[in-house]
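For reference, the structure discussed in these notes is given below.
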There are 2 protein chains.
Amino acid sequence: MPVTIKDISKHLGLSVSTVSKALNGYPDVAAKTRSAVLAATEQLGYQPSATARNLRRQRTDKIGVVHPVKSFESETFVGFFRGLVYAAQDFGYNLNLYTAPESDSAALQRICRGREVDGMILIGTGIAGVQEASMALLEREGIPFVVLGNPVEDSNVSFVAPDNRGGALAVMQHLIELGHQRIGYIARPDDPENNAQRFEGYRQALAEAGIDFDDTLITEAPYTPYSGMGAMRVLLELPKPPSAIFAFNDHVAIDASRTVLQRDLQIPEDLAVAGFDNIPSSLVASPALTTVHQPQIEMGKQALEVLLALIGGRDDVQRLTYQTELIVRASTVTKIL
Amino acid sequence: MPVTIKDISKHLGLSVSTVSKALNGYPDVAAKTRSAVLAATEQLGYQPSATARNLRRQRTDKIGVVHPVKSFESETFVGFFRGLVYAAQDFGYNLNLYTAPESDSAALQRICRGREVDGMILIGTGIAGVQEASMALLEREGIPFVVLGNPVEDSNVSFVAPDNRGGALAVMQHLIELGHQRIGYIARPDDPENNAQRFEGYRQALAEAGIDFDDTLITEAPYTPYSGMGAMRVLLELPKPPSAIFAFNDHVAIDASRTVLQRDLQIPEDLAVAGFDNIPSSLVASPALTTVHQPQIEMGKQALEVLLALIGGRDDVQRLTYQTELIVRASTVTKIL
DNA sequence: CAGCTTTTCGAAAACGTTTTCGATCAACGG
DNA sequence: CCGTTGATCGAAAACGTTTTCGAAAAGCTG
């Protein structure tokens, strides 16, 4: 039995409408009554019911985050959440988490049709095909949304994503500068879009350096625990093994390192290792991992900004790519101070 | 302009009330009309407005998660979020994230009075005193809530927490069995409740083994980056340095290890290190960290269960403590297979 | 067929707001 | 003193549901 606007109006002998107008800054209310209303509000501890207000205004001032269940298993995704939380805090919004069911999209449909949120942010692109179905659904229901990360295919949606190609290019140039000629790549087939872009950077660096592409140096690590170890084993057993490897992300790179160390090889002396994402573990890994940092906080903020614009009525799709930063650590160079 | 219940009623020539009753399983509606309503619902793609329904029912079927901004910086907290996300998915609930402002609680008050959620889960106890103010507020506003983790002081609230003392005891017994007699403890003053309980386990183990307590072996690492390194330095410069240390949590332990390795000491030969929480980094740290695992998924689920009971009308406080599990890795024993 | 029960439905109130529109009243210009 | 204007307020509709209650229709009993 919380205090409602009716309580305030009774308490002051005013009508409900005047109280509402006083609180919402309408001009047709006397200064004296407005201050009286404000005082009573404070005194009785009144706060408008969000539900009632939402119903009347036909909007909820809430934004939803759609993500696969496994998001929180991955330090990469957690990084994006971190960015979103900071962004939401800055914008005075609260986040509603909607865990996208792997199989059917009935739940998401319920959210949309139930008009629980004004807009949505999609995160965890590509994993398990969840995003693809969700995007189609949101499009159909006319809910504004932006993808945090790379959307599948060349769908015509707004997104905020890292410069995968540029980041991969930087890592590769770093390795090539160190003198490496045979550089392996461990791919992530489950995340086709990100993988394709990083692989593109890999190939571009080779081409620019005049190094022939050798497809025996490409191997795959699917989205399962420790898959990077198996991939690394394949590379090490090659007739002419690589002297360095660039892994799709830090998780894979750390797994790969494990295999390397198990064989009593030295990193980076016998084999240099580099990853992508700059997850917390990459710093404590042994040796500390050379990787690519993406500005997840800024990206989260930007994604929210774009979404708010979309909700506000803008209808042009925005495709924003964020610069990444190479972080050199002990897994590629020995002398590091 | 989404399709409302009125559209359905018009389309079928029925009244709004019968449609609603058909959908909500009321008995006083003919089987034939019910199936007609269901069919029309499916055909027109109708989904009740969550807002309108909430207003009428006076509940939102949503639960909020109050957490400090920094939660997502800490792998420990992320673990709890992980548990909550799984639990929410299991119970068919969605989580609303409410980032508790560090200083004032106006925002939280707005949530409560606005009746946006049916209940709340508080996470990140003790950090920066946020939880204390929040708990008082929620209590005052009459919103059901449960604390995930240890609540401050001996407040009379429901919580689901790990067995800190038992976990610490197990780590210490492990170290003592290995022959260590001088064991340091790095405390976390910012998290008084958890710290006190783990410290209690530390002292109990010493007492049971008949080892005298030496307070020069106790040092502190506040909640700032790399604070563990400084704490470890203090311990190493002692006239009689410890042969093993037990750190408040894995973050601190990993920091401490860094200092140890910088001084060209071997872990665990020269100094054994153990932590608490079993964060992802503890596995990739070098050497892999001996630590205490808490069943965060189960705990998250349990917290939600308790909260749902509270919302359902139960009013007895529940204080649940979860068993932890010692995880032995290379930072305490050399031969590990 | 009269009277009763059971089945099936619809009218209307209610949830707590916001917002439009008209009403009242004082002030003001002429 | 009258018509106009501006300031201030309240009545009422609306947002989209759920739920209570009474009414109508149908079925049943004797």
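Order of the sequence lines sets the chain letters (A, B, ...), proteins ahead of strands, with each chain counted from 1.
In this structure, Arg34(A) places its CZ atom 13 Å from C1' of dC9(D), rounding to the nearest Å. Residue Lys21(A) contributes atom NZ, which lies 12 Å from atom C1' of dA12(D) at whole-angstrom precision. One interatomic measurement links the two molecules: OH of Tyr26(B) to P of dT17(D), which rounds to 15 Å at whole-angstrom precision. Put simply, CD on Glu116(A) is 14 Å from C1' on dT17(D), counting in whole angstrom units. In this structure, Ile8(B) places its CD1 atom 16 Å from C1' of dT18(D), rounding to the nearest Å. For the pair Asp28(B) CG and dT18(D) C1', the computed distance is 13 Å after rounding to whole Å. Look at CG on Leu12(A): it is 16 Å from C1' on dT8(D), rounded to the nearest Å.
Regarding contacts with the backbone of dG10(C), a side-chain N or O of Ser15(B) is found under 4.0 angstrom from either OP1 or OP2. Residue Ser20(B) places at least one side-chain N or O under 4.0 Å from the OP1 or OP2 atom of dT18(D). In this model, the phosphate group of dC9(D) is approached by a side-chain N or O of Thr33(A) to a distance below 4.0 Å at OP1 or OP2.
Map Ser17(A) and Ala31(A) each onto its nearest nucleotide of DNA chain D; the residue landing nearer the 5' end is Ala31(A).
Contact annotation for Asn54(A): no contact, since no heavy-atom pair falls under 4.0 Å across all strands.
Side-chain rings of Phe80(B) and His67(B) stay apart, their centers remaining 6.0 Å or farther from each other.
For Tyr86(B) and Glu298(B), the side-chain atoms include no donor-acceptor pair closer than 3.5 Å. Judged purely by distance below 3.5 Å, without hydrogens or angles, the side chains of Thr18(B) and Ser15(B) pair a donor atom with an acceptor atom. Side-chain contact, Asp277(A) with Thr76(A): a donor N or O sits under 3.5 Å from an acceptor N or O. Side-chain contact, Gln296(B) with Tyr322(B): no donor N or O sits under 3.5 Å from an acceptor N or O.
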Close N/O contacts between protein and nucleotides 13-16 of chain C (under 3.5 Å):
| residue | atom | partner | partner atom | Å |
| --- | --- | --- | --- | --- |
| dA14(C) | N3 | Arg56(B) | NH1 | 3.1 |
| dC15(C) | O3' | Gln58(B) | NE2 | 3.4 |
| dC15(C) | O2 | Arg56(B) | N | 3.4 |
| dG16(C) | OP1 | Gln58(B) | NE2 | 3.3 |

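Between Asp118(B) and Lys62(B) there is no salt bridge, since no side-chain N of the basic residue sits under 4.0 Å from a carboxylate O of the acidic one.
In terms of heavy atoms, Phe159(B) sits closest to Asn150(B) at CE1-OD1, 4.3 Å.
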